[in-house]
Each structure stands twice: as C-alpha cells, then as structure tokens.
Trainee: 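Pasting in a structure now, in structure tokens, and then I'll have a few things to ask.
Letters go in sequence order (proteins before strands), and every chain restarts at 1.
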Amino acid sequence: MTKAVVVCPGRGTYNKTELGYLERHFPDAALLEAFDAHRRAAGQPLLSELDGARRFSVAEHTRGDNASALIFASTLGDFLSIDRAGIDIVAVTGNSMGWYSALACAGALQPQDGFRVANTMGTLMQRSLVGGQLIYPFVGDDWRAQPDRRSELLAIVDDIAGRGGHELYLSIDLGGMLVLAGNESGLAAFENRVEPLQQRFPMRLANHAAFHTPLMTPVAEEGRRILPADLFRGPDLPLIDGRGAIWWPGATDAEALCAYTLGTQVVETYDFTKAITVAAREFAPDLFIVTGPGTTLGGAVAQSLILAEWRAMTGKEDFKAQQDRHPVLASMGMPDQRSAVERR
Amino acid sequence: MDRAAIVHENFLRRVAEGDFPKGRAPGGPLSPSEAVSIYRSGCLTRALDRTSRAMQAAGQGFYTIGSSGHEGMAAIAAALRPTDMAFLHYRDAAFQIQRAAQVPGQSIAWDMLLSFACSSDDPISGGRHKVLGSKALNIPPQTSTIASHLPKAVGAAYSVGLAKRHPPEHKALPDDAIVMCSFGDASANHSTAQGAFNAAQWTAYQSVPMPLLFVCEDNGIGISTKTPDGWIAATFANRPGLRYFDCDGLDIYDTYRASKEAADFVRRRRKPAFLHVRTIRLYGHAGADMPTSYMAREEIEKEEANDPLLHSVRLLSEAGALTPGEALAIYRETEQRVDRIAAQAVTRPRLKTAAEVMAHLVPPPRPSRATNGPTAEARAQAFGSDLKAIASPQIMSRLINWALTDLMLAHGEVVLMGEDVGRKGGVYGVTQKLVTRFGRSRVIDTLLDEQAILGLGIGMAHNGFLPMPEIQFLAYLHNAEDQLRGEAATLPFFSKGQFTNPMVVRIAGLGYQKGFGGHFHNDNSVAVLRDIPGLILACPSNGADAAKMLRECVRLAREEQRLVVFLEPIALYPMRDLHEVGDGGWMMHYPDPSERIPFGQVGRHGEGRDLAILTFANGTYLSRQAQKRLAEDGIDARVIDLRWLSPLPEEAIVEALDGCRNVLVVDETRRTGGVAEALMALLTERTGVPHARLTAEDSFIATGPAYGATMPSADDIVVAARELVRGG
C-alpha cells in the first residue's frame with residue numbers, strides 16, 4: 001500500500017483554471033450544501049455560485065472571504081476523493097491557510113467546523129486587509145540550494161525592517177521561495193532593493209494581507225473571540241504544522257492546537273519548508289499528494305524536498321528523474337496525476 | 001530467537017490477548033494526551049532499538065546499546081522543560097524522543113537513525129560517535145559510560161544561580177532552569193559519581209543554590225554484575241542535602257508524578273534531589289551481550305514479563321486514554337514508520353577521511369563583545385595599594401595575580417575556582433586578594449576534589465561563564481584528568497562544535513622547589529596533557545611572559561572556545577635572581593594589559609649560532625644561567641623558550657633554530673613520555689642539525705637535599721652543551 005503525506009495548498013491557488021473545480025470534483029453534495037448554508041447564513045456569496053460563475057473575477061474570487069472558502073472546500077473535496085484502499089495517508093500538512101484544511105483532513109476539525117474556521121479567518125483577513133505579501137525566489141532554475149543567497153535576502157529584510165515606518169517580515173518559507181509580508185513601505189523597499197527575476201519577481205500577491213506576521217495580531221484576537229475552542233479535537237491522522245511540529249493522534253492537547261491555530265501561526269512565520277522536511281524525514285512516505293485546487297504548490301514541495309536532500313535529490317534534474325522513475329509527488333490539480341490517486 | 005524478538009512477539013501476543021502484567025491503577029497528574037504522547041515515545045524507542053540491531057546485522061548500523069526497559073524516561077522528560085539542560089545516560093533515548101515532542105520542528109526518528117548509521121548528517125555528532133544529544137533540545141552529548149558527566153552537571157546547576165546575579169554574555173540557561181543528569185545503578189557507585197553527589201550535597205548543605213536533579217535508572221544490573229537488592233535506596237535515601245524521591249519506572253503515571261514532584265522541589269527550593277527510578281533492562285547490555293550467559297533464563301523471562309510497554313498499555317486502557325487495540329496500532333505503525341525512515345537514513349553519507357573525522361576537534365570561534373578593558377578608576381579600586389608596586393619589577397606569582405585581576409575586571413564572565421583560591425589566596429599566594437576584589441561568587445573556594453573542581457568549570461562553561469579552575473598541584477590533576485580528556489576535550493568533537501566548554505585550567509606544577517614536597521608537589525610529567533586532541537598546554541618561564549600568555553589563553557578560551565591548560569612552574573613563582581644573589585634578573589615589570597604573546601609564538605634569548613637550547617619553564621631559567629657560562633667559555637648560544645607545549649609550535653621552533661649549528665633539548669619532564677621525545681622527533685624530521693637531549697630521569701621527585709637530583713641542572717646543561725658543540 002502506498003504511504004502518502006497529504007499537502008493542502010494555501011491562498012492563491014483557486015484561479016481562472018480552477019473555475020468549476022468543486023462542481024467537477026467535490027464528492028459530497030450534501031457537505032457542499034452544508035458549507036453553502038453557512039455562507040448563506042452569513043450573507044456571503046455561495047460556493048456553488050462562485051465556483052459556477054461563468055467568468056473568473058480576480059476582485060471577487062481572490063477576496064479572502066471567498067478564496068478561503070473555495071480553497072478549503074476544494075482541498076477537502078480532493079482529500080475525500082483519495083483512494084484510501086490503495087493509499088495509506090500517514091500524515092497531513094498544509095501551507096498557510098492550507099493549515100485550516102489540513103486540520104479538517106486530519107480530523108482535528110469536523111468538516112463543517114473546519115469550513116467555519118477557514119471561512120471566518122478568511123473573512124477577518126479580508127475585513128482588516130492589513131499590509132500585503134510578495135514572493136521572491138532564492139534558488140535558480142535548477143532549484144539547487146543556495147543558503148547564502150537566502151541569508152543575503154533575509155539580511156535585506158532585516159535591514160529594511162529596521163528602518164522607521166517599514167514593516168517587513170518573512171511570512172512563509174516556501175521551498176525555494178521566500179514569501180515576505182509587511183506594510184506598503186516595507187514591501188516597496190524590498191521591491192526596489194532586489195533584482196527583478198523572470199519578469200515576475202518580486203511578485204505581489206493580490207488581495208493578500210500581511211499573513212503570518214505580528215500585523216495580524218488583531219485578526220488572531222478576533223478569531224479567538226469568535227471561534228470557540230471546543231471546535232478543536234485531537235486529529236485522527238498525524239498533523240504537521242507550520243513550525244514542523246507534529247500533532248499526534250491521541251497525544252494532542254486540543255486547547256494547545258486551538259491556541260496554535262488561532263494564535264501562533266497567524267502571527268508568526270509559517271515554515272512550510274520545515275513542515276515538508278519533517279514530513280519526509282519522520283514519515284518517509286512513498287508519495288506526497290498535493291490536493292487541489294491549483295498546481296502551484298507542487299514546486300514548493302519539490303524544492304523543500306531538494307533542500308532536505310530527500311532521496312538524495314539536490315536539484316530539479318534529480319527531482320525530474322525521480323518523478324520519471326518513481327513519482328514522489330502527485331498534484332491532484334493535474335488531471336493525469338489526479339487519476340493516479342483518486343478513488344474510482 | 002534473540003531476546004529482542006521474544007520481547008516483541010510477547011508484546012504483540014499479550015496485548016492482543018489482553019494479558020497484562022499486574023500493577024497499580026493509573027494515578028497522579030498525567031493527562032490522557034500526555035500519557036499517550038509518552039507511550040508513543042516508548043514505542044519509538046522500542047522500534048529504534050530493534051531497528052538498530054537489524055541495521056547492525058545488515059552492516060548498516062554501528063550501535064546497539066538500547067533503551068528498552070527504560071521507556072519510562074519519557075515521563076521524566078515530560079515533567080521537565082526543554083530549557084532544563086539534561087546530561088543523559090546512554091539508555092535515555094526515550095527521554096530525548098519525548099523532549100523532541102516539546103520543541104517544534106524536530107525530526108527525532110530520522111536523527112536517531114542517522115546516528116545509528118554513523119552518517120555525517122547526524123545532527124549532533126556528524127557521524128563521529130553514537131551519542132544522545134541535541135543543541136535544540138539542550139542535551140549536551142555524553143558517552144556517560146562511567147558517570148563522568150555528573151561533575152559537570154553539578155557545575156551547570158551551580159552556574160544557574162550565579163548567572164542570574166552576574167549574567168555572562170553567552171548565558172544559555174534561563175534563571176528558573178534546573179539541570180538534570182541521569183545514570184545507571186551500577187555507575188552510581190563510581191567514585192566520579194560519588195564525588196558529584198558529594199559536591200552537590202556539600203554545596204546545598206551550606207544553602208548555596210544547586211538546582212540539580214539526579215536521576216538514577218536502577219535496572220538492577222551493570223552489564224553482568226547485579227546491584228545488591230535495595231542498595232540504591234539504602235545508600236541514597238538519607239543523605240544530607242539531597243532529597244530522595246522514588247518511583248516505579250515501569251509505570252508512566254507514577255514516574256511522571258514523582259518526576260514532577262522532584263522537579264518542582266528542585267525548581268522551587270533550588271536544592272538537589274535524587275530520583276530513584278526502578279526499571280528493567282531488556283535484551284541485555286548491548287547487541288553483542290548474551291544475558292543468558294550470566295543470568296538464568298527464568299530470571300530473564302520474569303523481567304521480560306514486566307515489559308514497561310505492556311504496563312503502559314494496561315495503564316492507558318484503565319485510564320481511558322487508549323484502548324489496547326489503539327495502543328497496538330500505534331506500536332505497529334511506529335515499527336513500520338521506523339523501517340521506512342531507516343531505509344532512507346542508511347543511504348546518507350558517512351565520514352571517510354581523517355580530516356572529516358577531525359573537523360571539530362577545535363571548536364569554532366565565538367563572536368564576543370569587544371572590550372576596551374576596565375576604566376582607570378575601576379583598576380585603581382581593584383588594585384588598591386598594589387597599583388604603586390606596578391612600577392617596579394616583581395616576581396612571577398605577583399604578575400600572574402595582577403594579570404588575573406585585569407582579566408577579571410575586563411571580563412565579568414571569568415570565574416576562578418579551586419582549593420584555597422579564595423580566602424587563603426592560593427598555596428603560593430597567586431590568587432591573593434582576588435576574593436576581596438571580586439567576591440566569593442567569582443573566586444570560589446571549593447571542596448577538596450579535583451574532579452568536582454574541573455566539573456564545576458566545565459559545567460559553568462556550558463552556561464556562558466569563562467571558568468579558570470585551579471588545580472593546586474600537577475600531581476593532583478591525575479585523579480581527575482578524565483574530566484579534561486574524556487569530557488571537556490571531547491565535547492566539540494561529539495557535537496560538531498555546537499556545544500563547547502571553553503576554559504583556562506591553571507595548574508601549579510613542575511619541580512625544583514628547594515627541598516620541599518617531593519613528588520606530589522613537584523610532579524614533572526605533562527604527558528597526560530599533551531596527547532589530548534584539541535587541548536592547548538601553555539607553560540611560561542617568567543612573570544612577564546606569564547601575564548601576556550595568560551591573557552592570550554583567556555582570549556583563546558573566550559573568543560575561540562578553546563580548552564586551555566596554563567601550567568605555572570611553582571619554583572619560579574618566587575624567583576627573583578638569575579645569575580647571582582641580588583641581581584633581580586628574574587623579576588619583571590608588569591606588561592601593559594594590552595600586551596599578549598600570541599598562541600604559538602616562542603621566546604628567543606640571544607642570537608648565538610653555536611648552539612640553540614630548546615627548552616621551557618625551569619629549563620629556560622637554568623639554560624639562561626648556562627648560556628652566560630657557555631659564552632664565557634666561547635660558546636655562543638641562544639635559548640629558545642617553547643612557551644606552548646601542546647600543540648608544539650613546530651614552525652616557530654624550526655624558524656627559531658635558523659642558522660644554529662647544534663641544538664640541545666633541555667627538558668625537565670621525564671625521559672620517557674616527556675616533551676623531549678617530541679622535540680627530538682621534530683628535529684630529526686625537520687632539520688639536519690646535530691641535536692641531543694638532556695632530560696629528567698624516569699623517576700619521581702625526592703624530598704630534601706636530593707630534590708633536584710633527577711632533573712637537569714645548569715651544570716648539566718653546560719656539560720651537555722660542551723659535549724654537543726665540541727664533540728665531548
């Protein structure tokens with residue numbers, strides 16, 4: 001039986017090509033209806049409407065209060081679609097808001113509670129919309145580790161953050177990329193300071209706030225006020241968080257899990273690279289399954305594995321060779337890879 | 001079938017059948033989730049033990065001393081904080097595994113398997129040695145084979161209180177930390193362990209803070225020798241200054257309760273406690289050990305029937321934390337998981353070359369705050385009336401005293417410790433007035449135990465202090481030298497330089513005290529210090545050099561984290577004259593505090609080419625006398641003072657010999673194993689210059705008139721020099 005770690009994507013993964021994703025893939029109509037009932041009660045556009053819209057609207061679909069719900073539902077739907085008869089899921093992790101999805105996949109939140117948490121936090125983020133995020137790579141096209149380059153960039157971040165009025169933090173360690181977050185002056189200073197790459201980077205992330213930084217403190221406080229701690233319980237599957245900590249079935253203090261989810265991870269750097277490293281080293285899966293929506297997180301997973309020298313991979317070529325020989329990564333957002341892991 | 005397989009099969013069968021060993025009901029403060037966490041750590045410990053044996057059988061693993069039977073140690077880790085420094089027994093995998101669960105981002109199974117595989121990726125030792133240890137988890141690596149880690153645990157515990165009052169720049173432990181050290185029932189009998197218990201008790205008895213938790217894992221046997229029934233309780237339950245706690249190590253609830261109580265006692269009262277954990281040893285001592293060769297099968301089976309994991313499954317079930325079925329699933333999943341991880345871990349690289357093995361013998365440099373030294377006012381206050389005397393030449397002991405004063409003024413983290421260093425100011429007055437200048441907390445009068453003195457220094461260095469322990473006489477080092485050899489010097493090696501214990505050990509030694517003391521006060525053997533990798537041995541011959549070299553030694557320790565021994569020739573402490581009475585030729589001015597003699601720089605007196613006398617310490621003094629007489633005799637000699645005895649400054653020596661036609665080695669240490677052996681080899685290998693040696697005899701030093709009879713004299717040097725230069 002294939003041993004797999006499931007990886008849940010974060011914001012920015014439900015885009016134009018994902019329109020209709022729920023309709024195409026979500027396996028449990030009643031559950032989707034329950035999510036929509038929640039949205040309806042909150043006076044928010046329904047998932048079925050958003051997902052079924054004829055046209056993708058950046059303004060509409062990427063808003064935190066909509067995107068979080070769409071991504072959570074797509075992820076959970078994909079997780080529920082995995083062929084559990086042939087695939088033994090040994091751990092679950094996620095990136096950024098994918099943590100909320102991971103909680104639900106692992107059973108630490110019931111699906112509807114998970115939806116409530118993701119939707120609420122997404123809504124609060126959208127309401128406050130403090131600061132923003134940008135993304136910038138520290139590895140080249142070959143994805144080989146460049147620790148010095150990474151240190152250099154972080155030194156620039158520290159330098160900028162030391163200036164009056166400039167807020168800039170490492171928001172997410174995302175494989176070979178750094179996601180930075182801060183206020184406008186902090187982000188702009190970084191953009192002015194570094195060399196543009198691949199005609200895209202540094203790339204601002206539309207409708208994103210300064211996630212995983214102290215600027216989110218009011219959001220975390222509000223989340224804790226609105227969301228009851230008793231939504232949380234111990235997971236059924238091992239869960240790896242954004243520090244690389246493992247929450248084990250039976251051995252999890254639900255209060256601590258709540259405190260981490262609605263506190264620590266909201267305001268501190270999310271170390272996705274570490275989460276993947278720990279997943280590899282402590283669970284040694286045959287396969288990493290990145291659920292949908294989207295296909296962008298696979299690169300960060302591969303880069304994280306390369307940085308950890310997992311299966312002796314030290315660059316993109318090694319990863320490709322490994323994928324050809326014996327795939328270590330399956331993205332459910334890609335039809336061919338999806339078919340390899342989906343329940344028939 | 002081997003015992004590991006039998007225990008494994010028994011576990012599977014008995015859990016499936018609900019056949020559990022009897023024991024008390026679960027009780028105490030352990031929560032269900034924490035209890036399961038501890039059980040998980042136990043399962044991982046067990047799986048790693050079994051896998052280590054499989055790896056060895058496959059030629060992929062190199063370490064099989066297991067922790068099976070000692071899984072209860074996980075409950076102790078759960079009762080402590082990850083910031084409580086832990087010096088662990090080699091059977092404490094469960095402790096480290098549980099502590100890893102307290103610190104986010106750990107990959108403990110992977111890390112342990114890398115260490116079994118001796119992979120260079122092993123995050124603690126880099127594949128050099130199988131040790132438990134982790135920088136992130138505050139577990140300095142130990143081999144802990146003979147409880148030699150206990151004295152430093154005492155030192156580390158002592159440092160916590162001092163660091164609260166005088167925080168050193170590189171302080172590592174929080175003010176409310178406690179220190180934990182663990183060991184087996186057999187090694188509790190070791191004199192080193194007994195010295196550590198005694199030192200902790202002696203300290204606590206006088207109400208000095210000593211937040212130290214001793215954990216004795218009593219499995220009733222040391223390899224094949226049984227601990228007498230009840231011995232540990234009998235000998236530890238009623239010691240002054242040491243509170244005794246005990247628990248059943250097979251019962252995670254009881255162990256957690258007792259650990260919590262003991263840790264709370266130590267943390268609140270800042271006093272030492274002794275936690276006696278009764279446990280069992282499964283599968284014998286190590287992979288190659290067959291317990292059936294010295295124990296009856298029935299006895300072994302009786303122990304195995306008490307498998308702590310079986311007790312845990314029963315307890316968790318009774319507590320409603322986990323059903324036996326769930327517990328069994330965790331056990332099986334953990335086994336499978338470890339197998340998968342091991343398959344990857346064995347593919348990781350291993351050390352190959354000598355250079356790779358040796359990469360961390362020398363620790364990395366440590367950025368330290370720059371200092372301009374003390375203000376004139378601070379110096380004036382500290383030196384007091386001595387300040388006037390600074391203008392005139394002084395004897396060596398006084399110059400060392402002043403150098404120590406300046407160093408302690410400049411660096412608040414410098415702490416002295418030793419027998420009589422405080423109130424008395426040292427047997428030879430070298431540390432006089434320092435206790436008045438810097439207080440009893442920085443100039444510590446210790447108990448009479450060299451292992452405790454060095455352990456105090458090593459442990460304090462773990463918390464950012466720069467200790468300068470004093471060993472009163474070189475002969476007294478020998479009962480304690482393993483603290484330098486096996487502990488202090490190996491720490492960077494075992495930890496890839498992540499842990500260090502920089503310090504400068506001052507030792508008064510060597511011969512020539514006129515008729516006083518004999519062997520124990522005039523020991524002239526340094527062999528035991530010269531073959532310790534990474535250790536620097538410095539030995540001055542005069543007061544000015546001593547001051548400048550001591551400053552360099554402190555710099556080496558402070559900035560380069562080096563382990564340094566500063567050997568002070570006792571006979572030269574009070575030496576005033578060189579050639580004749582009243583000439584004051586061996587008294588020197590106190591060098592400006594900015595002056596240092598760089599590590600590896602030799603001293604050179606004279607430019608003679610007929611002969612170079614290669615020597616150190618008293619030999620330098622005597623050779624300078626001989627040099628004058630030889631000159632009168634028409635032999636133009638130079639005297640080269642080695643200053644640094646280990647590692648030998650080979651390049652500087654060869655350079656200093658430039659143009660010399662003969663070399664005479666004058667060595668006051670013994671002919672066998674003495675410094676001259678290395679120098680003769682160097683001269684043979686690196687120069688074509690004719691050379692000879694004059695050394696001490698292979699003898700101990702006598703008391704009375706024959707005190708110098710076995711060592712080179714100025715007359716001997718003159719004779720040997722003539723023979724060498726003129727061919728006899």
Side-chain angles (χ1 to χ4, degrees), chain A residues 1-5 88-91 93 108 173 232-257 260 264-265 268-287 305 308-314 328, chain B residues 30-44 51 74 78 82 97-98 100-114 119-121 123 136 316-317 319-323 325-327 329-330 332-334 336-349:
Chain A
M1 195 136 137
T2 302
K3 306 287 180 186
V5 168
D88 181 14
I89 298 172
V90 292
T93 187
D173 239 319
F232 293 83
R233 33 169 259 163
D236 302 322
L237 292 168
L239 251 175
I240 304 162
D241 73 21
R243 301 165 301 177
I246 305 172
W247 300 82
W248 292 96
T252 290
D253 174 354
E255 274 181 40
L257 185 58
Y260 169 75
T264 313
Q265 67 89 23
E268 290 183 10
T269 298
Y270 198 98
D271 195 341
F272 178 72
T273 308
K274 176 72 114 178
I276 295 298
T277 302
V278 168
R281 292 179 173 168
E282 290 297 275
F283 294 92
D286 304 308
L287 191 63
L305 293 173
E309 294 186 41
W310 183 242
R311 294 184 191 274
M313 294 188 289
T314 58
V328 289
Chain B
L30 186 61
S31 72
S33 61
E34 193 90 83
V36 175
S37 176
I38 290 166
Y39 171 69
R40 281 187 171 279
S41 294
C43 288
L44 180 54
T51 303
I97 289 166
Q98 183 64 27
Q102 298 172 320
V103 178
Q106 302 300 305
S107 48
I108 188 68
W110 172 252
D111 295 350
M112 297 277 259
L113 286 160
L114 288 174
S119 166
S120 48
D121 286 355
L316 289 164
S317 170
L322 212 58
T323 66
E326 289 168 332
I330 288 173
R332 285 183 182 283
E333 281 165 16
T334 306
Q336 292 171 10
R337 187 164 71 86
V338 168
D339 281 348
R340 294 199 304 275
I341 302 169
Q344 295 301 319
V346 298
T347 66
R348 299 305 299 160

Trainee: Give, for atom CD of A/E309 and atom CZ of B/R348, the distance between the pair rounded to the nearest 0.5 Å.
Mentor: 4.5 Å

Trainee: Compare all side-chain heavy atoms of B/Q336 with those of A/K3 and state whether any distance is below 4.5 angstrom.
Mentor: yes

Trainee: Is any side-chain heavy atom of B/S33 closer than 4.5 Å to a side-chain heavy atom of A/T252?
Mentor: no

Trainee: Do B/I108 and A/E282 have side chains that get closer than 4.5 Å, going by heavy atoms?
Mentor: yes

Trainee: B/G105 and A/V278: which non-hydrogen atoms are nearest, and at how many Å?
Mentor: O-CG2, 4.0 Å

Trainee: Hey, could you give me the OH/CH2 distance between B/Y39 and A/W248, rounded to the nearest 0.5 Å?
Mentor: 13.0 Å

Trainee: For each of A/G234, A/P249, A/P285, A/A312, tally heavy-atom pairs with chain B at distances under 4.5 Å, and name the one with the top tally.
Mentor: A/P249

Trainee: Under 4.5 Å from any heavy atom of chain A, what part of B/Q344 do you find: side chain, backbone, both or neither?
Mentor: side chain

Trainee: Cation-pi between B/R340 and A/F283: NZ/CZ under 6.0 Å from ring centre and within 45° of the ring axis?
Mentor: no

Trainee: Tell me, side chain or backbone of B/P32 under 4.5 Å from chain A's heavy atoms, or both, or neither?
Mentor: backbone

Trainee: Quick one: CZ on A/R311 to OG1 on B/T347, what's the gap to the nearest 0.5 Å?
Mentor: 9.0 Å

